[in-house]
Amino acid sequence: MPPKNRKVAVMGYRSVGKSSLCIQFVDGQFVDSYDPTIENTFTKKLKVRGQEYGLELVDTAGQDEYSIFPAQYSMDIHGYVLVYSITSEKSFEVAQVIYDKILDMMGKVTVPVVLVGNKNDLHMERVVSTDQARKVADTWKAVFLETSAKQHEAVNDIFTRVILEIEKADGNSVRD
Ligand code: GDP
Ligand code: MG
């Protein structure tokens, strides 16, 4: 089978670790001070269930609750990774606002989404509970993961899972 090219936008409030997750996934390293204003596209090949994928990751510069949803994040995007930090209630709220905007924009009831609670290494600073976030993801019928870009925890899972969600939405049978 030829590789399938899939494009995924990584969105969320600023400073939640969007770039760190992308760089950890693509380069296998944790970069401590990455320019927050940079908007970058990363590519990586990966194999999921025997199928080769060329994954294009759009690492966005970050949104807040007032951001107008940029049209370029809806066109030819196959799936979304919505990142918040478990240490920021605000970032969790922003993720939900972005989700609503994505649905409005796409005019669909469901969209392939992985909700990611990052900075899972900062236990002492946690303010968003796992249960609370899982409930929200359940109502979206989305995948939910807690990750640490810093400790390389569950980072690769994000991208495998988003590909599986995209395949499901395409009507291709994949088992969970
Ligand atoms: P972005 O604005 O969402 O792209 O966030 P960045 O990737 O630039 O990260 C913002 C800050 O959070 C940086 O100082 C990162 O080093 C830090 N950071 C990112 N991910 C983690 C993580 O998993 N754990 C911890 N402790 N810090 C993180
Ligand atoms: Mg960034």
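Order of listing sets the numbers, starting from 1, for every ligand and every atom in it.
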Heavy atom to atom 7 (O) of ligand 1, shortest distance: which of Gly12, Ser20, Ala61, Cys22 holds it?
Ser20
Where is the tightest heavy-atom contact between His78 and Asn5, given as atom of each residue plus distance?
CE1-O, 3.8 Å
Measure the spacing between NZ of Lys150 and CG of Asn118 and express it to the nearest 0.5 Å.
11.5 Å
What atoms of ligand 1 come within less than 4.0 Å of a heavy atom belonging to Leu122?
26 (N)
So is Lys18 polar-close to ligand 1, meaning N/O to N/O under 3.5 Å?
yes
I want to know if ligand 1 touches Phe30 in the polar sense, i.e. an N/O pair below 3.5 angstrom.
no
For the student: nearest non-hydrogen atoms of Ala133 and Val128, plus distance
CB-CG1, 4.4 Å
Could you see which bit of Val83 sits under 4.0 Å from ligand 1, with heavy atoms only: side chain, backbone, both or neither?
neither
Lys/Arg cation over aromatic Phe25: Lys44, 6.0 Å, 45° cone
yes
List the closest protein heavy-atom neighbour of atom 20 (N) of ligand 1: residue, atom name, distance to the nearest 0.1 Å.
Asn118 ND2, 3.2 Å
Shortest non-hydrogen separation from Trp140 to Ala95 and the atoms involved:
CH2-O, 4.1 Å
Provide the closest heavy-atom pair for Leu115 versus Ala137 in the form atom of the first, atom of the second, distance.
CD2-CB, 4.1 Å
To which protein heavy atom is atom 14 (O) of ligand 1 closest, and what is the distance rounded to 0.1 Å?
Asp32 O, 3.3 Å
Can you tell me how far the CD atom of Gln72 sits from the OG1 atom of Thr60, to the nearest 0.5 Å?
9.5 Å
Are any of the N/O atoms on Gly17, whether in the backbone or the side chain, positioned under 3.5 angstrom from an N/O atom of ligand 1?
yes
I'd like to check whether Asp59 has a polar contact with ligand 1, where a contact means an N/O of the residue lying under 3.5 Å from an N/O of the ligand.
no
Can you tell me if Ser15 contacts ligand 1 (heavy atom of the residue under 4.0 Å from the ligand)?
yes
Kindly give the heavy-atom pair with the smallest separation between Ala169 and Pro112, and that separation in Å.
CB-CG, 3.7 Å
Contact summary for Met105 and Ser74, nearest pair of heavy atoms
CG-CB, 3.5 Å
Taking 4.0 angstrom as the limit, do Glu165 and Lys168 come out as a salt bridge?
yes
I'd like the name of whichever of Leu21, Asp121, Asn120, Val155 reaches closest to atom 22 (C) of ligand 1 through any heavy atom.
Asp121
Within the structure, does Thr147 bring an N/O atom to less than 3.5 angstrom of an N/O atom in ligand 1?
no
Look only at interatomic distance and state if Arg14 has a nitrogen or oxygen under 3.5 Å from any nitrogen or oxygen of ligand 1.
no
Please determine whether Tyr34 has a backbone or side-chain N, O or S atom lying under 2.8 Å from the Mg ion (ligand 2).
no
Do Val16 and Phe30 land in one hydrophobic cluster if side-chain heavy atoms of ILVMFWY residues count as linked below 4.5 Å?
no
of all protein heavy atoms, closest to atom 12 (O) of ligand 1 is Lys119 NZ, 3.0 Å
Distance to 0.1 Å, residue and atom name: give those for the protein heavy atom nearest to atom 23 (O) of ligand 1.
Ala149 N, 2.9 Å
Give the residue and atom name of whichever protein heavy atom lies nearest to atom 8 (O) of ligand 1, and the separation in Å to one decimal.
Tyr34 O, 4.0 Å
